[in-house]
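Counting starts at 1 for both ligands and their atoms, in listed order. Note that the numbering runs from 1 along the sequence shown for the chain.
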Amino acid sequence: MFRPRPIVEPNASMQALNWSPASWRAYPASQQPAYPEPAQLDRVLRTIASLPPLVTSWEIESLKAQIAEAAEGRRFLLQGGDCAERFDECTPGAITSRLKILLQMSLVLVHGAKKRVIRVGRFAGQYAKPRSEDTETRHGVTLPAYRGDNVNRIGFTAEERRPDPELLLRGYERAALSLNFIRSLIDGGFADLHHPEYWDLDFVEHSPYAAEFRRIVESIGEAVRFMETISGAPIGHAARVDFFTSHEALHLSFEEAVTRQVPRREGWYNLSTHMPWVGLRTARPDDAHIEYLRGLRNPIGIKIGPGMTPAALLRILDILDPDREPGRLTLIHRFGAHGIAEGLPPILRAVQAEGRTPLWCCDPMHGNTEKTADGLKTRKFEHILAELEQAFEIHRAQGTIQGGVHFELTGDNVTECTGGARGLSDADLNRSYRSQVDPRLNYEQALEMAMRIARRIG
Ligand code: PEP
Ligand code: CO
């Protein structure tokens with residue numbers, strides 16, 4: 001694996017911590033692409049390092065404060081989006097429908113939980129994927145695995161699978177375009193609670209849950225009008241909602257290039273996203289990913305699942321959050337419907353015994369992936385729901401708070417997961433299966449999931 005020169009030279013305060021944006025380079029880094037032309041990678045990274053950031057430290061600190069409240073049960077985190085964003089889906093339609101479904105789900109949750117919801121998208125930078133195999137073999141031909149649009153191309157030719165550093169720049173630009181559009185939509189009133197008509201997806205009327213959703217929206221609209229009547233003034237800003245971004249901090253030389261200091265604040269921020277997370281495959285105490293994340297001021301997500309021992313997790317927590325800063329850590333567990341009853345309680349007990357109070361979040365997607373007879377990756381709605389329901393119960397029994405959920409979903413009408421109110425079967429999957437990586441809940445399944453959770457936490 002190639003390691004270019006550090007983008008930032010270490011200074012005195014970093015040496016005190018013995019950390020710099022490049023200090024991960026002294027640790028084993030799994031899941032990094034092997035670039036054939038290191039000098040070209042170096043050039044691209046320097047260009048990215050010189051470009052404006054995508055997010056600000058104020059937004060990051062605001063998210064951290066909100067996560068701290070969610071850890072205490074005063075807010076609820078909704079994190080969701082594609083498994084992997086695709087460059088060719090950086091389109092106005094795809095961005096608005098993604099925003100709409102997250103907004104709709106969050107309203108359902110606000111209504112059910114009577115709590116404010118933090119919306120965090122898996123978007124505007126979710127372009128690099130960990131893979132279980134470095135290579136893929138088809139009909140006797142072996143090529144590098146597809147690692148996300150930031151790294152290589154999906155076509156099965158040697159040319160397309162060659163890691164291309166230019167893609168990092170293309171990805172950074174697309175993340176900026178996506179975020180620019182999201183911010184404009186929100187500033188322009190797209191997410192204004194006075195105008196729920198903007199959020200209807202075309203097919204909301206066909207959903208078996210349409211009527212229930214409309215009732216929820218109407219009652220939120222009434223609440224807004226009621227508040228305005230008694231306060232005698234428009235509630236303005238309070239009637240708007242915001243969105244934060246997140247992606248897996250996987251590609252470390254890219255993440256290093258977007259790690260910056262800002263005036264009048266201590267420390268370093270990853271300014272390409274509000275909330276980077278470390279995936280299950282790279283969440284190991286001695287891995288370079290943990291070293292990299294240690295020095296950031298951002299709130300960090302950690303995926304937890306089968307194979308991670310309580311002892312390893314406690315070490316990671318000590319490395320990433322020695323000061324026990326409120327809002328710093330979100331622990332995202334993903335054991336699967338059949339593994340959570342055994343896997344989660346020892347983790348909760350170990351963290352609780354340390355007196356730590358991270359935000360606990362359930363990802364009911366990644367432990368429930370299976371293959372159909374035709375070899376398609378899918379997930380069953382009932383398994384996803386079953387894991388979530390068990391998670392709420394296990395946390396309640398343990399005295400911890402499940403303050404969030406993490407989904408792979410899309411606002412489109414794909415057929416990738418089976419089940420849900422319409423009872424999609426394996427045979428339906430071929431109709432509109434678009435994911436190149438993990439299967440996502442479609443629009444109706446996602447809305448239904450939100451309704452089921454809202455009843456649970458209400
Ligand atoms: C993901 O979130 O897409 C992912 C790869 O998850 P995990 O690290 O939990 O397997
Ligand atoms: Co995934």
Side-chain angles (χ1 to χ4, degrees), residues 29-33 77-86 89 98 102 120-134 145-151 154 171 245-252 255 273 275-284 287-290 292-293 300-308 312-313 316 320 329-340 343-344 347 360-371 376-380 383-384 387-388 391 404-410 414 416-417 433-442 445-446:
S30 44
Q31 299 284 344
Q32 305 304 294
L77 170 72
L78 170 64
Q79 187 176 17
D82 288 312
C83 180
E85 288 176 279
R86 302 297 312 276
E89 284 175 4
R98 198 178 291 152
L102 279 179
V120 178
R122 289 173 63 113
F123 55 47
Q126 175 56 12
Y127 291 125
K129 294 307 297 173
R131 303 314 303 255
S132 38
E133 306 286 341
D134 281 344
Y146 168 68
R147 290 186 171 275
D149 281 4
N150 252 1
V151 175
I154 198 130
T245 64
S246 65
H247 68 245
E248 179 171 351
L250 182 70
H251 190 304
L252 290 174
E255 303 298 343
T273 190
M275 181 188 186
W277 80 81
V278 58
L280 186 65
R281 289 175 188 74
T282 49
R284 289 192 301 272
D287 190 284
H289 291 81
I290 298 295
Y292 166 70
L293 290 166
I300 309 282
I302 306 171
K303 290 288 200 95
I304 297 173
M308 184 187 279
L313 176 61
I316 292 175
L320 291 185
L329 298 180
T330 300
L331 305 192
I332 308 165
H333 47 79
R334 30 83 84 226
F335 284 96
H338 303 298
I340 186 170
L344 184 58
I347 294 280
W360 293 102
C361 175
C362 177
D363 164 359
M365 310 301 291
H366 287 89
N368 291 312
T369 315
E370 51 190 276
K371 279 207 170 149
L376 270 182
K377 260 195 191 182
T378 190
R379 292 163 172 156
K380 291 193 169 76
H383 288 166
I384 297 169
E387 177 165 2
L388 267 178
V405 286
H406 182 120
F407 290 110
E408 285 184 345
L409 52 81
T410 161
V414 300
E416 298 172 6
C417 293
Y433 194 105
R434 288 198 238 140
S435 176
Q436 297 289 346
V437 274
D438 290 337
R440 302 160 295 178
L441 292 172
N442 66 21
Q445 290 168 329

(message) Can a side-chain donor-acceptor contact be found between S30 and D287 if the only test is distance below 3.5 angstrom?
(response) yes
A student checking ligand 1 against R281 at a 4.0 Å heavy-atom cut-off should list atoms 5 (C), 10 (O)
Ligand 1 atoms nearer than 4.0 angstrom to some heavy atom of E408 are 1 (C), 2 (O), 3 (O)
Given a cut-off of 2.8 Å, the protein N, O or S atoms lying below it from the Co ion (ligand 2) are C83 SG, H366 NE2, E408 OE2, D438 OD2
Could you check if a side-chain atom of T378 sits within less than 4.5 angstrom of a side-chain atom of E370, using non-hydrogen atoms only?
yes
Quiz prompt | Sidechain N-carboxylate O distance under 4.0 Å for K303, E248 | solution = no
| task | State, yes or no, whether a side-chain contact exists between H247 and E85 at a heavy-atom distance under 4.5 Å. | result | no
Per-atom filter on ligand 1: closer than 4.0 angstrom to a heavy atom of H366 are 1 (C), 2 (O), 3 (O), 4 (C), 6 (O)
- Query: Tell me, do R379 and R440 make a side-chain contact under 4.5 Å, heavy atoms counted?
  - Reply: no
| request: Return the orientation label for the H406 and W277 ring planes: parallel under 30°, perpendicular over 60°, tilted otherwise. | output: perpendicular
Answer yes or no: does an N/O atom from R122 fall short of 3.5 Å to an N/O atom of ligand 1? yes
| Pair D134 + R147, salt bridge at N-O below 4.0 Å | yes
Note to self: Quick one, R281 and R131 - any side-chain contact, counting heavy atoms below 4.5 Å?
What the structure shows: no
Note: ligand 1 atoms sitting under 4.0 Å from heavy atoms of C83 are 3 (O)
Under 4.0 Å between heavy atoms, the region of K129 that gets near ligand 1 turns out to be side chain
Check: Q126 and D82 side chains under 4.5 Å, non-hydrogen atoms
no
For R334, the atoms of ligand 1 under 4.0 Å from one of its heavy atoms are 7 (P), 9 (O), 10 (O)
Exercise for the section: Would you indicate whether the side-chain heavy atoms of F407 and Q445 approach each other to under 4.5 Å? Expected result: no
Sub-3.5 Å N/O-N/O distance, E248 and ligand 1: no
Here the atoms of ligand 1 under 4.0 Å from any heavy atom belonging to G279 are 8 (O)
